[in-house]
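Counting begins at 1 with the first residue of the sequence. These values consider heavy atoms only, across backbone and side chains, with no hydrogens, waters or symmetry-generated copies. Everything numeric here is computed off the predicted structure, so don't read it as measured data.
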Amino acid sequence: MKKFRFMSGFIVGGLLFGSVGAYAATNSKMIEVFFNVNDIKVNKISKMPKDNQPFIYNGSTYVPLRFVADALGQPAKWVPETRTILIGDTETENEYYLGDNIKPMNYKNSFMTVFQGKIDEYNGYIVNANYFATDNVNNKYENFLIMGAGETSGVTEFPLNGQYKKFKAKFSLPDAHKGTEATATLEIKGDDKVLWTKSIKAGDFPTDIDVDVKNFNKITFTLTSSESNGVSAGLYNARLTK
């Protein structure tokens with residue numbers, strides 16, 4: 001068993017995050033850690049990191065976060081300005097989420113725009129509350145647009161004014177409607193041009209949306225249902241890029 005002493009301020013950035021980056025904490029202290037982890041197996045395959053080996057401190061095992069992200073097939077990034085670790089889908093300075101600074105200009109039927117867990121609009125009412133959504137495969141989101149459709153379609157429009165290049169999101173049934181008998185169909189238009197359309201039903205996995213919206217003045221989302229009793233669908237992490 002190997003035992004070493006470290007300044008704890010460097011653990012998060014260095015030993016836990018590998019090559020992504022490091023920062024020095026202002027309240028550093030000396031700690032003892034034990035390198036007695038012999039192996040790490042992911043899906044029965046040995047994947048012990050060669051550098052920045054895992055260690056035990058105060059009864060907890062610490063593994064390099066970069067190693068964990070790579071093992072899960074997810075990108076990882078350290079943002080020193082905010083001291084934030086990003087894993088998987090990440091925001092960039094050129095991404096603008098629906099419900100943040102981009103407000104709906106028109107809608108009919110039920111819809112909800114949520115940014116960072118706060119409801120922006122719900123059937124025309126402003127609600128100050130924490131709200132999160134779960135899709136049909138149990139992924140949770142704090143940024144999303146929920147639409148409904150039944151005998152009539154649901155329509156939501158947002159202004160673009162020619163300022164954006166791409167619209168990106170995940171399209172899925174929400175957890176509450178994952179067993180629906182209806183088929184939900186989403187159509188996306190830039191001005192009067194159809195840019196994207198997709199139908200989903202119970203059992204379908206979330207679908208990635210990545211469409212070009214350059215030079216359009218507005219984007220329109222229209223949801224229709226195959227059944228008159230209605231269905232809802234979500235656009236998760238719905239955002240525009242410049």
CG (Asp39) with more than 12 external heavy atoms under 6.0 Å: yes
Check against side chain to side chain contact (heavy atoms under 4.5 Å, CB included), Val194 and Glu187: CA-CA 7 Å; Val194 176; Glu187 180 186 77; 3.7 Å; yes
Nearest-0.5 Å distance, CG of residue Asn217 to CD of residue Gln163: 10.0 Å
Contact summary for Pro174 and Ala233, nearest pair of heavy atoms: CD-CA, 3.7 Å
Euclidean distance, Lys41 NZ relative to Met48 CE, rounded to 0.5 Å: 12.5 Å
Least distance between heavy atoms, Gly234 atom then Ile146 atom: CA-CD1, 3.8 Å
4.5 Å side-chain heavy-atom contact, Thr197 and Ile188: no
Heavy-atom check, side chain of Asn237 versus side chain of Asn143, under 4.5 Å: yes
Approximate separation, where rounding is to 0.5 Å, of Glu95 CD and Tyr164 OH: 12.5 Å
Close side-chain approach of Leu235 to Leu186, heavy-atom, < 4.5 Å: yes
Nearest non-hydrogen partners of Thr180 and Gly230, listed with the distance: OG1-O, 4.5 Å
Check: Ser226 and Lys201 side chains under 4.5 Å, non-hydrogen atoms: no
Lys/Arg-Asp/Glu bridge criterion (N-O < 4.0 Å) met for Lys165, Asp212: no
Aromatic centroids of Phe144 and Tyr97 separated by under 6.0 Å: no
Lys198/Thr185 under side chain to side chain contact (heavy atoms under 4.5 Å, CB included): CA gap, chis, key distance, verdict: CA-CA 6 Å; Lys198 176 73 176 179; Thr185 300; over 6 Å; no
For the student: nearest non-hydrogen atoms of Pro159 and Met105, plus distance: N-SD, 3.6 Å
Side-chain heavy-atom pair Ser153, Leu223 within 4.5 angstrom cut-off: no
Steps toward side chain to side chain contact (heavy atoms under 4.5 Å, CB included) verdict (Ile219, Asp191): CA-CA 6 Å; Ile219 187 169; Asp191 296 336; over 6 Å; no
Lys NZ or Arg CZ of Lys242 over Tyr96 ring: under 6.0 Å, within 45°: yes
Close side-chain approach of Lys168 and Ile209, heavy atoms under 4.5 Å: no
Side chain to side chain contact (heavy atoms under 4.5 Å, CB included) evaluation trace for Leu173 with Val231: CA-CA 9 Å; Leu173 294 173; Val231 69; 4.1 Å; yes
Six-ring centre of Tyr236, Lys170 cation under 6.0 angstrom, axis tolerance 45°: no
Interatomic spacing from NZ in Lys166 to NZ in Lys214 - rounded to 0.5 Å: 8.5 Å
Residue pair Thr61 / Val37: nearest heavy atoms and the distance that separates them: CG2-CG2, 4.0 Å
From CG (Leu145) to CZ (Arg239), nearest 0.5 Å: 13.5 Å
Inter-residue atom distance Glu151.CD - Ser228.OG, 0.5 Å rounding: 5.5 Å
Heavy-atom side-chain contact between Asn106 and Thr156 under 4.5 Å: no
Pairwise side-chain contact, Tyr141 with Asp135, heavy-atom cut-off 4.5 Å (strictly under): yes
Polar side chain donor-acceptor pair, Glu157 to Thr220, under 3.5 angstrom: yes
Qualifying residue for ring-ring contact (aromatic ring centres under 6.0 Å, His included) with Phe167, from Phe216, Phe221, Phe158: Phe221
Side chain to side chain donor-acceptor pair (under 3.5 Å), paired with Ser172, selected from Thr207, Asn136, Asp204: Asn136
Within one Ile-Leu-Val-Met-Phe-Trp-Tyr cluster: Ile102 and Val211, side-chain cutoff 4.5 Å: yes
